[in-house]
Amino acid sequence: MQKHSQKEHLYKLLVIGDLGVGKTSIIKRYVHQNFSPHYRATIGVDFALKVLSWDAETVVRLQLWDIAGQERFGNMTRVYYREAMGAFIVFDVTRPATFEAVTKWKEDLDSKLVLPNGKPVPTVLLANKCDQGIDVLMNNGIKMDQFCKENGFVGWFETSAKENININEASRCLVKHIIASESDPVQSVEPDIIKPHLNSSKIVSCSACFKS
Ligand SMILES: Nc1nc2c(ncn2[C@@H]2O[C@H](COP(=O)(O)OP(=O)(O)OP(=O)(O)O)[C@@H](O)[C@H]2O)c(=O)[nH]1
């Protein structure tokens, strides 16, 4: 039974990025703790709910909106983005074109959705399929910390839905930034940066993300 003193937050989170980057798989791993190697394209939008015990006094309910990659070329994203509090933008580390699309997704998001205080919604970048051992970022010398600062991401994580790497951590990071932006709308939050750990099955922790 819920204690009287317990606070509840409900946040709508968007999961966006190009076709086949692993959005549905990340959500499945996060919510249902499973993974399928078979690809079935999402049509339109799909939903999932994750309940987090944030701390002793706070429960966070995350309503995850899994938006089909092909929707960037349609005109429904404005409708799907409405009232979202945070977003993940996902790319596939084995396919450079999906990284190039990240800025297009971010522009689409920021042009259609702002918080009531006029700021963009906190957004975390996910470099998914890091279990594959191919990394377009390293191969092209892309500096992710700088890329995130320049493009307004609050943090980034290498993830694997297959191996369950960094998905919980990325979510806690995003929620932490949402809570911070709600409680102190004028104070900007420093970005959280995770260093690459390609070919490592260890979960990398981000001290900034686990203080809360
Ligand atoms: N190796 C590996 N494969 C993955 C990972 N995540 C997803 N996949 C595979 O990539 C394919 C596409 O995954 P989905 O989760 O359907 O991708 P999506 O981004 O939801 O795709 P759309 O619905 O088309 O937008 C599937 O075959 C998944 O099994 C991962 O972390 N590692």
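Numbering of ligands and ligand atoms starts at 1, following listing order. Along the sequence shown, the residues carry numbers beginning at 1.
Tested against Tyr11, the residues Gln63, Glu182, Arg61 include a single side chain to side chain donor-acceptor pair (under 3.5 Å) partner, Glu182. When the options Tyr80, Trp65, Phe47 are evaluated for a side chain to side chain contact (heavy atoms under 4.5 Å, CB included) with Lys12, the one that passes is Trp65.
Under the 6.0 Å cut-off for aromatic ring centres, Phe88 and Tyr30 do not qualify, their centroids lying 6.0 Å or more apart.
Checked by atom type and distance alone, the side chain of Lys28 never pairs as donor or acceptor with a backbone atom of Ser36 at under 3.5 Å. A donor-acceptor pair is defined here as one N or O able to donate and one able to accept, closer than 3.5 Å; no such pair exists between the side chain of Lys23 and the backbone of Val90.
The residues lining ligand 1, counting any heavy atom closer than 4.0 Å, are Asp18, Leu19, Gly20, Val21, Gly22, Lys23, Thr24, Ser25, Phe35, Ser36, Pro37, His38, Tyr39, Ala41, Thr42, Ala68, Gly69, Asn128, Lys129, Asp131, Gln132, Ser160, Ala161, Lys162.
Cluster partners of Tyr39, by chain and number: Leu19. The rule joins Ile, Leu, Val, Met, Phe, Trp and Tyr whenever side-chain heavy atoms lie under 4.5 Å apart.
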